[in-house]
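Shown next, in structure tokens, is the structure this report addresses.
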Number of protein chains: 2
Amino acid sequence: MARSAANSDAFNAVAEPRRREILNYLVMQERSVSEIVEAMELEQPSISKHLKVLKGVGLVAARRDGRQMLYKVNPMAIRPLHDWTSTFERLWKDQLLRIKQRAEGNNATKE
Amino acid sequence: MARSAANSDAFNAVAEPRRREILNYLVMQERSVSEIVEAMELEQPSISKHLKVLKGVGLVAARRDGRQMLYKVNPMAIRPLHDWTSTFERLWKDQLLRIKQRAEGNNATKE
DNA sequence: TTGACATATTCCTATATGGGAATATATTGA
DNA sequence: TCAATATATTCCCATATAGGAATATGTCAA
């Protein structure tokens, strides 16, 4: 079996670095395809293909404005990723706390 | 060019659903490979391969205990994912707020 | 040393890319 | 209708899987 398709879910879609770059760029505001092409060093067809994947999983929304297509982030689609990573938040906070406590202990007792 | 390797970074590693399942399972506590195999419906070699990828990007750590290998999550490695998704948090909160305000507006003015 | 248990690795194959090149489609203005 | 602009799609290929099967490696107990 091959890897799951990039357009199967948001996790797969954002695995591709260029697609994360596009999302980062769209955080600021809605942009046309040509603006995205200019901002990134990548051919227009590649950008369009990445946008198709992002749209396929709902990470961006598009609307036509004359000859242009304007894309914007759909932030809600990122929440599942955020929520999933948050389930580990307690763990890394505990880990940081232990590291800090150990450091303080070392200073005090020179153990 | 093909897709970037699964062991290139945490984003690619967690794109695979089975690997997320493994991480979810390891949130509770450290586990041996056979425990993971039992918990998931997947052959042992596949589990070992997934664990290798996860270890490769630092998402899990392993230690030997007799014949067993015990794996645990390294939560710090998930922080980059969390941080990246957090950059969109303001956006979806604004979006939720607008939705809420619109709903309230409708109730009040029946617009 | 040997047998058994626990994991890891190798080999194989179907599948899904991601980007470049070429081409198709959509929309506007004359 | 036609040319020009803006995007999208198709074709092609090198690459990287993910899982199954078979096998290798590591560790302990007798």
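Protein chains get the first letters and strands the later ones, always in sequence-line order, with residue 1 at the start of each. The shown structure was predicted, so the numbers you read here are calculated from the model rather than taken from an experiment.
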Picking from dG19(C), dG20(D), dA8(C), which would you name as closest to the side chain of Met69(B)? dA8(C)

Any salt bridge (Lys or Arg N to Asp or Glu O under 4.0 Å) involving residues 73-92 of chain A? Give me the pairs, sequence neighbours left out, ordered by first then second residue. Glu89(A)-Lys93(A), Arg90(A)-Asp94(A)

According to salt bridge (Lys or Arg N to Asp or Glu O under 4.0 Å), who are the partners of Glu43(B), at least two apart in sequence or on a separate chain? none

One pair to check against side-chain hydrogen bond (donor to acceptor under 3.5 Å, both in side chains): Asn74(A) and Trp92(B). What are the steps and the verdict? CA-CA 8 Å; Asn74(A) 173 25; Trp92(B) 75 62; over 6 Å; no

Set of residues satisfying salt bridge (Lys or Arg N to Asp or Glu O under 4.0 Å) with respect to Arg31(A), sequence neighbours excluded: Glu35(A)

With side-chain contact (heavy atoms from CB on, under 4.5 Å) as the test, would you mind laying out the steps for Leu59(A) and Leu23(A) before giving the verdict? CA-CA 8 Å; Leu59(A) 279 166; Leu23(A) 292 173; 4.2 Å; yes

Is it the case that one hydrophobic cluster holds both Val73(A) and Ile99(B), taking links as side-chain heavy atoms less than 4.5 Å apart, direct or via other members? no

Starting at atom CE of Met40(B), determine the distance to atom P of dA18(D), rounded to an integer number of angstrom. 13 Å

For the CD atom on Glu38(A), are there more than 12 heavy atoms of other groups (residues, nucleotides or ligands in this structure) within a distance under 6.0 Å? no

In whole angstrom, give the distance that lies between atom CG of Leu51(A) and atom P of dT7(D). 10 Å

Establish, with yes or no, whether the OP1 or OP2 oxygen of dA8(C) is under 4.0 angstrom from a side-chain nitrogen or oxygen of Tyr71(B). yes

Could you run down the sub-3.5 Å N/O contacts of the protein with nucleotides 10-13 of chain C?
residue: dT10(C); atom: O4; partner: Lys49(B); partner atom: NZ; Å: 3.4

Donor-acceptor contact below 3.5 Å, side chain Ser8(B) vs main chain Ser4(B): no

Listed in order of residue number, which residues of residues 6-39 of chain B have a non-hydrogen atom at under 4.0 Å from DNA chain C? Ser32(B), Val33(B), Ser34(B)

side-chain contact (heavy atoms from CB on, under 4.5 Å), that's the test. Do Met76(B) and Leu96(A) meet it? Break it down for me. CA-CA 9 Å; Met76(B) 299 290 272; Leu96(A) 289 170; 3.5 Å; yes

Is there a side-chain contact (heavy atoms from CB on, under 4.5 Å) between Val37(A) and Leu42(A)? Walk through the geometry before answering. CA-CA 6 Å; Val37(A) 170; Leu42(A) 204 49; over 6 Å; no

Which residues in residues 53-68 of chain A have at least one heavy atom lying under 4.0 Å from any atom of DNA chain D? Arg67(A), Gln68(A)

NA contact type, Gln44(B), heavy-atom cut-off 4.0 Å: base, sugar-phosphate, or nothing? base

Apply the side-chain contact (heavy atoms from CB on, under 4.5 Å) test between Arg19(B) and each candidate in Val53(B), Val14(B), Asn12(B); give the one that qualifies. Val53(B)

Euclidean distance, atom NE2 of residue His50(B) to atom P of dA8(C) [Å, nearest integer]: 13 Å

Spacing of Glu43(A) atom CD relative to dG19(C) atom P, expressed in whole Å: 11 Å

